[in-house]
Each structure stands twice: as C-alpha cells, then as structure tokens.
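Let me begin by presenting the structure, written as structure tokens, before commenting on it.
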Amino acid sequence: MCIFCKIASGQISAELLYESPTVVAFNDLEPQAPTHVLIIPKAHYENAAEAASADSTTFAELFTVAKKIAAERGLDGYRMTFNTGASAGQSVFHAHLHLLGGRAFAWPPG
Ligand code: DGP
C-alpha cells in the first residue's frame with residue numbers, strides 16, 4: 001500500500017484538514033509555501049490523468065476542496081498543481097493536487 005493510501009485509510013497519522021467519503025486533504029510534509037496542502041482521492045490512482053479518467057466526479061471534488069480551503073484561509077491568489085510523471089517532479093505515485101498559497105509565485109515554474 002502506498003504512503004498516501006496509508007494516510008487516506010488512517011494507517012499513518014496525518015492532521016486531516018478535510019475529509020469526505022472520497023477525498024482527504026492534509027498539510028504537505030515539506031511545505032513550499034505558507035499554505036501547502038495536498039488534496040487526494042482516497043482511491044489509489046497513479047497520477048492525475050488516471051484519476052480523471054477513472055472517476056471524474058472525485059477528480060472534480062479535488063478542486064472544490066482546494067477552493068474551499070483557499071477561501072477559508074483568505075488566499076487572494078493560489079496555485080494548484082498536479083506533478084504528473086517523474087520528469088515533472090512527481091515523487092509520490094498516488095494522484096494529489098498541491099494547493100499552494102500565501103506568497104508570490106514565479107512564472108514559468110522551475
Ligand atoms: P510530488 O513531488 O508532486 O509527488 O509531491 C509529493 C509531496 O508529498 C511532496 O511535496 C512531499 C509530500 N509528502 C511525501 N510523503 C509525505 C508524507 O508522508 N506525509 C505528508 N504529509 N506529505 C508527504
């Protein structure tokens with residue numbers, strides 16, 4: 001079982017910021033911004049593309065949760081990222097939406 005499946009199922013403790021029957025959100029272990037939340041489907045999909053194809057309703061919920069957390073924190077701008085594939089920086093192969101906020105972000109990203 002992958003690390004995010006263990007967090008989603010409660011086998012590894014994490015402070016959950018949000019939980020529904022299909023999605024959980026928790027703080028990133030290595031935050032890259034004052035807000036750095038990971039929002040994941042509970043079901044295991046290797047990456048965002050796989051998650052979107054398999055369950056578009058749950059995939060859409062990831063964005064709804066990101067919007068809710070950003071609003072709760074009063075973020076006036078934020079970045080949402082799916083690193084998809086190792087060459088794009090994906091290191092955990094369970095689909096996850098990064099919600100980053102609380103500082104300015106450069107474009108293009110590194
Ligand atoms: P990515 O590189 O896009 O696959 O992002 C994986 C993120 O997951 C990375 O920012 C660090 C975070 N992370 C890895 N292991 C854990 C963990 O056990 N707990 C938490 N909260 N975050 C983790």
Side-chain angles (χ1 to χ4, degrees):
M1 188 183 276
C2 86
I3 189 90
F4 285 1
C5 282
K6 287 180 178 169
I7 290 174
S9 66
Q11 285 186 43
I12 289 181
S13 66
E15 188 189 342
L16 299 187
L17 305 172
Y18 176 88
E19 181 169 20
S20 77
T22 45
V23 164
V24 291
F26 51 90
N27 286 318
D28 194 291
L29 198 60
E30 300 163 11
Q32 303 300 315
T35 286
H36 188 170
V37 174
L38 300 175
I39 305 149
I40 71 169
K42 287 184 175 177
H44 182 87
Y45 304 110
E46 182 167 321
N47 57 41
E50 197 181 287
S53 308
D55 184 349
S56 58
T57 303
T58 298
F59 191 68
E61 186 184 356
L62 302 178
F63 293 98
T64 307
V65 174
K67 180 183 169 188
K68 172 180 157 57
I69 293 171
E72 284 170 359
R73 296 184 178 199
L75 300 178
D76 60 351
Y78 51 91
R79 186 164 287 181
M80 295 187 287
T81 302
F82 287 103
N83 295 326
T84 304
S87 64
Q90 187 176 3
S91 60
V92 176
F93 291 86
H94 178 128
H96 51 281
L97 175 59
H98 292 261
L99 168 66
L100 296 136
R103 67 169 173 84
F105 295 97
W107 192 264

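Remember, predicted model here, so these are calculated numbers, not experimental data. Excluded from the calculations below are hydrogen atoms, water molecules and symmetry mates; all remaining heavy atoms, backbone and side chain alike, are included. Counting starts at 1 for both ligands and their atoms, following the listed order.
- Here is the list of ligand 1 atoms found below 4.0 Å of a heavy atom in Gly89: 1 (P), 2 (O), 3 (O).
- Per-residue contacts place Asp28 under 4.0 angstrom from the following atoms of ligand 1 (heavy atoms of the residue considered): 7 (C), 8 (O), 9 (C), 10 (O), 11 (C), 12 (C).
- Clustering ILVMFWY residues whenever any of their side-chain heavy atoms sit less than 4.5 angstrom apart, transitively, puts Met80 in the very cluster that holds Leu17.
- Protein heavy atom closest to atom 17 (C) of ligand 1, with residue, atom name and distance, is Leu29 CD2, 3.8 Å.
- A donor-acceptor pair under 3.5 Å links the side-chain atoms of Lys42 to the main chain of Ser20, judged by distance alone.
- Proximity of Val37 to Tyr18: side-chain heavy atoms (C-beta onward) are nowhere separated by under 4.5 Å.
- The closest donor-acceptor contact from the side chain of Gln90 to the backbone of Glu46 lies under 3.5 Å.
- Ring centroid separation for the pair His96 and His98 comes in under the 6.0 Å cut-off.
- Side-chain contact between Gln32 and Phe105 is absent, with no heavy-atom pair separated by less than 4.5 Å.
- Among all protein heavy atoms, the one lying closest to atom 1 (P) of ligand 1 is His96 NE2, 3.1 Å.
- In terms of polar-atom proximity, defined here as any N/O pair under 3.5 Å, Asn83 does make such a contact with ligand 1.
- Of all the heavy atoms of His98, the ones lying under 4.0 Å from any atom of ligand 1 belong exclusively to the side chain.
- Of all the heavy atoms of Ile12, none lies under 4.0 Å from any atom of ligand 1, so neither backbone nor side chain is involved.
- A heavy-atom separation below 4.0 Å is not found between Ala14 and ligand 1.
- Of the heavy atoms in Ile3, only side-chain atoms (C-beta onward) come closer than 4.0 Å to ligand 1.
- Remark: side-chain polar atoms of Thr81 are not paired, donor with acceptor, to backbone N or O of Asn83 under 3.5 angstrom.
- Residue-level proximity to ligand 1 for Phe26 is carried by the side chain, the only part with a heavy atom below 4.0 angstrom.
- At a heavy-atom distance under 4.0 Å, only side-chain atoms of Phe4, from C-beta outward, approach ligand 1.
- Apart from Leu38 itself, the hydrophobic cluster it occupies contains Ile3, Phe4, Ile7, Ile12, Leu16, Val24, Phe26, Ile40, Val92, where clustering links Ile, Leu, Val, Met, Phe, Trp and Tyr at side-chain heavy-atom distances under 4.5 Å.
- Within the 4.0 Å heavy-atom cutoff, Thr81 does not count among the residues contacting ligand 1.
- Considering only residues two or more places apart in sequence or on other chains, Lys68 meets the side chain to side chain donor-acceptor pair (under 3.5 Å) condition with Glu72.
- Aromatic rings of Phe82 and Phe63 (six-membered ring for Trp) have centroids within the 6.0 Å cut-off, being under it.
- Nearest protein heavy-atom neighbour of atom 4 (O) of ligand 1: Ser91 N, 2.6 Å.
- Closest to atom 21 (N) of ligand 1, if we only count protein heavy atoms, is Asn27 O, 2.9 Å.
- Listed by atom number, the atoms of ligand 1 under 4.0 Å from Ile7 heavy atoms are 19 (N).
- Here is the list of ligand 1 atoms found below 4.0 Å of a heavy atom in Val92: 4 (O), 6 (C), 14 (C).
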